[in-house]
Each structure stands twice: as structure tokens, then as C-alpha cells.
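These notes concern the structure reproduced below.
Ligands are counted one by one from 1 in listed order, and the atoms in each one are counted from 1 as well.
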Amino acid sequence: MTDSALNPRFPAGFLWGAATSAYQVEGAVAEDGRTPSIWDTFCRTPGKVFQDHTGDLATDHYHRFRADVRLMAGLGLTAYRFSVAWPRVQPTGRGPAVQRGLDFYRRLADELLAAGITPVATLYHWDLPQELEAAGGWPERATAERFAEYAALVGDALGDRVGQWTTLNEPWCSAFLGYGSGVHAPGRTDPVAALRAAHHLNLGHGLAVRALRSALPAGTRVSVSLNLHAVRPLTPSAADREAVRRIDAVGNRVFLGPMLEGAYPEDLLDDTAHLTDWSFVRPGDPEAAHQPLDWLGVNYYTPTVVSATPEGAAPAREDGHGGGPSPWPGADAVGFHQAAGERTAMGWAVDPSGLHELLTGLARRHPGLPLMVTENGAAYRDEVRPDGTVDDPERAAYVRAHLAAVHRSLADGADVRGYFLWSLLDNFEWAYGYDKRFGLVRVDYDTQARTPKSSAHWYGRVARTGELHPVGEQGTRPGARLTIKP
Ligand code: IFM
């Protein structure tokens with residue numbers, strides 16, 4: 001048997017992508033009319049971000065996108081998922097669009113199409129215009145309405161070039177890390193504001209899907225990307241299984257319920273009844289959030305292990321900094337634990353079975369709904385060798401194991417259409433600043449030189465062949481070993 005007969009093979013047309021988001025890579029925060037987002041403000045609040053790092057320059061993708069597209073093409077990637085910066089195209093969050101801002105995304109999409117790479121645009125990856133936060137932010141209904149107007153503007157401008165869209169990236173983080181635990185912008189710590197934000201993100205998603213559908217040509221695919229939690233009990237006890245139910249409600253079904261089924265789960269309403277009566281949900285809202293989707297984006301990194309009591313457990317926060325208010329309204333008594341085994345530099349356990357569990361679970365509950373892994377990847381402490389190269393077999397092994405889980409999910413009936421590795425480039429990792437590197441491509445932050453790591457060459461080979469080669473079988477392509485210097 002040849003090697004290739006042993007390698008799992010993915011279906012023809014499977015999208016092999018990498019992902020980024022605007023604030024994490026673009027830089028150029030004050031160019032061409034862009035105004036501050038909540039992340040610009042948060043980064044300037046002392047103590048919120050590692051060493052007070054900011055996204056001011058990030059990876060300078062705004063100016064270097066052509067070289068970055070060449071890198072992707074050189075590797076053999078077939079899709080690129082990027083996000084549109086709301087404060088770049090509609091600086092105050094209302095009113096007409098700024099053409100210079102939209103032009104950047106037009107040029108980016110054109111460059112991708114010319115290189116044979118499918119553009120996948122995310123409308124919102126956490127960079128709310130600061131003016132909208134000043135007016136109340138996501139806890140206010142008006143923000144959902146503004147989001148739909150923004151979606152229409154972007155859809156009108158890019159619909160002729162971009163055929164795949166996702167409305168929100170990880171609304172759980174926007175609502176519960178942004179307004180609950182406060183470890184993300186805007187840094188508020190109010191559980192009721194977090195629940196209100198979750199609802200207005202659900203509503204904003206639904207209104208934006210409608211707005212996109214009327215702005216986009218027929219056949220355009222529209223979706224949302226959720227960071228779903230593969231929740232497991234620490235022990236088989238009934239109490240720990242009850243903790244799983246609570247976290248599944250406020251971690252997953254708070255979005256899956258309205259978006260895919262048109263209703264909030266009754267148990268979530270009961271768990272949080274001591275905090276709010278949910279009267280901010282108006283009649284017809286859950287139905288408005290429930291719009292037909294062409295696929296569902298799943299972002300997955302590590303499982304979530306919970307117990308009935310917090311004793312001996314890590315604080316109920318996902319960012320690993322410890323302490324502080326909980327991002328889980330109605331689940332104060334739940335303890336969080338690290339899954340056993342190897343960890344990434346984020347301290348997250350490596351466990352691809354969680355991805356299989358999510359994909360096959362969704363396929364069972366929502367038959368006929370195509371799925372896309374819109375994020376998966378790992379931060380490691382990469383070392384640059386004296387010759388400037390980076391060998392990161394642990395990242396390739398992480399990705400390979402998760403791709404094997406995707407392959408098993410396909411065999412088990414999940415209709416998975418593509419995989420987007422997080423991330424194309426080392427970039428601004430939110431509260432961790434530039435301390436954590438998720439990239440396939442090393443970025444030297446002093447010079448902005450890009451160097452594909454060994455994982456990039458390995459992943460490129462997988463993308464070019466559609467086969468899950470063993471780690472270490474890199475294969476090369478002209479240009480793929482290139483270091484792009486500033
Ligand atoms: O960097 C983030 C991304 O912005 C959203 N999903 C998780 C990634 C890694 O933490």
C-alpha cells in the first residue's frame with residue numbers, strides 16, 4: 001500500500017482555509033477614516049491587556065494584504081476568512097459608509113479571487129464602534145438594529161465579490177467576556193447586561209441575515225460562527241451532569257436555541273430567573289433571530305470540564321488569568337477544570353474528540369444543515385532557529401488530530417464543508433496581546449517579516465492534496481519557503 005492509501009482523504013471541494021480578524025491583524029487604526037472601536041479603548045485602559053499591547057500596528061495586514069494573499073496562494077490554501085472592521089466602514093456605527101474603508105475589502109477580495117482563493121467575510125469580530133458602546137452597546141436593542149444597517153452597507157459593497165458570509169464571530173465572547181467577566185472589551189461586569197447583550201446579538205444576527213439576503217445575489221451563502229462548548233462532567237454524578245446542563249444552556253443553547261430553533265431554552269430562563277425576567281425579549285424576537293442558514297460555523301479549541309461545586313476548581317473564566325467575575329450568569333456554583341493531557345501555550349487541553357462530539361451532535365439535531373469549522377488551531381511557544389526558520393511540529397500535530405476528528409465526523413454523517421485554521425498569521429491575541437502566537441506564519445513584530453512555519457508547509461500540502469499526510473511530510477512548492485521581508 002502506498003502512503004497515500006493510508007492517508008484519510010477529504011471530499012473534493014472541501015475548503016482549506018485560514019482565518020484572521022480585522023483588529024487582530026490590520027493595524028492602520030486611524031487611517032482612511034477609521035475611528036476607535038471598543039478594543040482600541042480597552043487596550044488603552046491600563047492593566048486590561050498584557051503589557052498594554054494594542055492593535056495599532058498589529059501585523060500591518062492593511063498595507064501588506066497583497067503579500068499575505070501571495071503567501072496563502074503559495075501554500076495552496078483555497079479559502080481565507082477575514083472580518084470587516086465596522087469602525088472602518090461606518091465609523092460612528094450609523095449613517096453612510098466610508099468608501100475608502102470599503103475599498104480596502106474590495107481590493108482584498110479581488111486579490112483573493114485573482115489568486116483562486118474563496119473569500120469568506122465575517123461582519124463582526126468584536127470591534128464595535130466606540131460610539132455605539134457609548135450609546136449602550138450590545139445590551140441595547142438599538143445596537144442590533146444598527147448592525148443590520150451596517151450588514152446591508154457591506155453586503156451592497158462586497159456582494160458582487162464575496163459569496164460566503166458569516167454575521168457574528170463567537171457572540172458568546174462578545175456577550176459574556178465583554179459584559180460579564182469583563183476580560184474583553186468593553187470590560188463591563190454585569191450579568192444582566194451580558195444576557196441582554198446575548199439577546200441583542202441573536203436579534204442582530206437575524207436582522208443582519210435578512211439584510212444580507214436582500215443585498216446579496218441569489219446563491220450567496222450566509223452563516224454565523226459560534227464557539228460551541230463541548231461540555232463534560234468531571235464525574236458521572238447527577239450533580240456534575242446538572243452542571244453540564246447549566247453550562248450547555250448559557251454556553252451553547254443561548255445562541256443555538258433562537259438562531260436555529262426560534263426559541264430560548266426554558267431551562268436557561270429558569271436558571272437566570274433570579275437575575276432577570278427577560279422582558280427585553282420582545283414578542284417575535286426569537287423568531288427574527290431564526291433565519292435559514294446555508295451553513296453553521298463551528299469554532300473549537302478545547303473541551304470544557306465542569307463540576308457541581310467550584311471547590312478545587314479553576315475560576316469560572318475561560319481566559320486563564322484567574323479570579324474575577326464569572327462569565328456564566330446563573331451558574332455561579334459550577335466549577336471549571338482543565339481536561340487531562342497535553343496543553344497548548346494557552347493552557348488549553350488538546351482533545352480533538354470534543355470537535356467530533358460537536359459536529360456529530362449538530363448533525364443529529366439539525367440534519368441537513370451543512371457545517372464549517374471556522375476556527376481551530378493552537379498557540380505554542382515557537383522558537384526561531386538561527387537560520388530564521390520555525391519548526392512547530394506540535395502545532396501541525398494539533399491540527400492533524402483535529403482534522404482527523406473532522407474526517408471521522410464526515411464518516412459519521414456530519415456534512416462538513418471546510419476547515420479554517422486559526423490563524424494565518426501570528427497576531428494580537430486580545431487580552432494576551434502579542435504574547436501568544438497562533439499563526440501558521442511567524443510574524444516578526446519588529447520588522448513585520450513573515451516566515452511560514454513548518455506547520456504551514458505541512459498544512460499547505462494537505463490543502464493541495466486533500467489528504468491528511470503525517471506530520472513531517474511537508475512537501476514544498478515554489479515560493480512556499482519564502483520569508484516575506486518588509
Ligand atoms: O484569537 C481568537 C479569535 O479572535 C477568536 N477565537 C479564538 C481565537 C484564539 O483565542
Side-chain angles (χ1 to χ4, degrees), residues 17-27 37-40 42-43 48-50 53-55 58-59 61 80-86 120-128 166-178 181 183-185 201 223-230 251-252 255 296-304 317-321 327 338 343-351 354-355 358 372-382 395 398-399 402 419-441 443 445 455:
T20 63
S21 85
Y23 190 70
Q24 293 179 276
V25 299
E26 283 180 6
S37 73
I38 53 174
W39 270 96
D40 297 85
F42 194 67
C43 290
K48 294 297 185 191
V49 173
F50 177 77
H53 290 172
T54 73
T59 70
H61 187 62
Y80 177 50
R81 174 173 174 248
F82 60 92
S83 79
V84 176
W86 190 349
V120 180
T122 300
L123 283 175
Y124 184 74
H125 197 127
W126 308 356
D127 43 3
L128 186 71
T166 158
T167 55
L168 303 169
N169 182 72
E170 302 185 354
W172 187 87
C173 297
S174 301
F176 296 104
L177 300 183
S181 68
V183 299
H184 278 190
L201 284 154
S223 66
V224 63
S225 291
L226 302 178
N227 57 316
L228 296 174
H229 300 81
N252 296 332
F255 297 108
L296 176 70
V298 176
N299 294 3
Y300 171 83
Y301 292 85
T302 189
T304 303
R317 291 172 41 160
E318 286 213 324
D319 68 339
H321 288 311
Q338 277 296 338
R343 312 258 179 101
T344 69
M346 297 296 281
W348 298 345
V350 179
D351 187 345
L355 183 55
L358 288 175
M372 190 88 85
V373 177
T374 40
E375 281 186 32
N376 175 244
Y380 284 103
R381 295 237 158 254
D382 302 324
R395 180 173 288 104
Y398 176 100
V399 173
H402 286 78
Y419 175 91
F420 289 77
L421 201 153
W422 185 270
S423 178
L424 173 66
L425 303 166
D426 288 339
N427 62 44
F428 175 79
E429 177 52 26
W430 307 112
Y432 296 89
Y434 297 96
D435 188 46
K436 306 288 184 209
R437 292 177 178 269
F438 275 88
L440 277 175
V441 175
V443 176
Y445 294 120
S455 59

* Okay, side chain of Asn252, backbone of His229: is any donor-acceptor separation there less than 3.5 Å? ->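 It does hold such a pair.
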* Please identify each residue that fulfils salt bridge (charged side-chain N to carboxylate O under 4.0 Å, His left out) with Asp382, with sequence neighbours left out. =>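 Testing Asp382 for salt bridge (charged side-chain N to carboxylate O under 4.0 Å, His left out), a comparison that skips the adjacent residues, returns Arg395, Lys453.
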* **Sequence-distant partners of Glu375, salt bridge (charged side-chain N to carboxylate O under 4.0 Å, His left out), two or more places apart** =>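 Partners of Glu375 under the salt bridge (charged side-chain N to carboxylate O under 4.0 Å, His left out) test: Arg81.
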* Structure fact -> ring-ring contact (aromatic ring centres under 6.0 Å, His included) filter on His61, not counting sequence neighbours, yields Tyr80
* Enumerate the protein residues lying less than 4.0 Å from ligand 1, judged by heavy-atom distances, in chain and residue-number order. => Gln24, His125, Trp126, Asn169, Glu170, Tyr301, Trp348, Glu375, Trp422, Glu429, Trp430, Phe438
* Asked: Hey, what's the ring geometry for Trp430 with Trp126, parallel, tilted or perpendicular (30° and 60° as the breaks)?
  ->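 It falls in the tilted class, 30° to 60°.
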* Asked: Which of these, Tyr445, Phe438, Tyr434, sits in a ring-ring contact (aromatic ring centres under 6.0 Å, His included) with Phe428?
  -> Tyr434
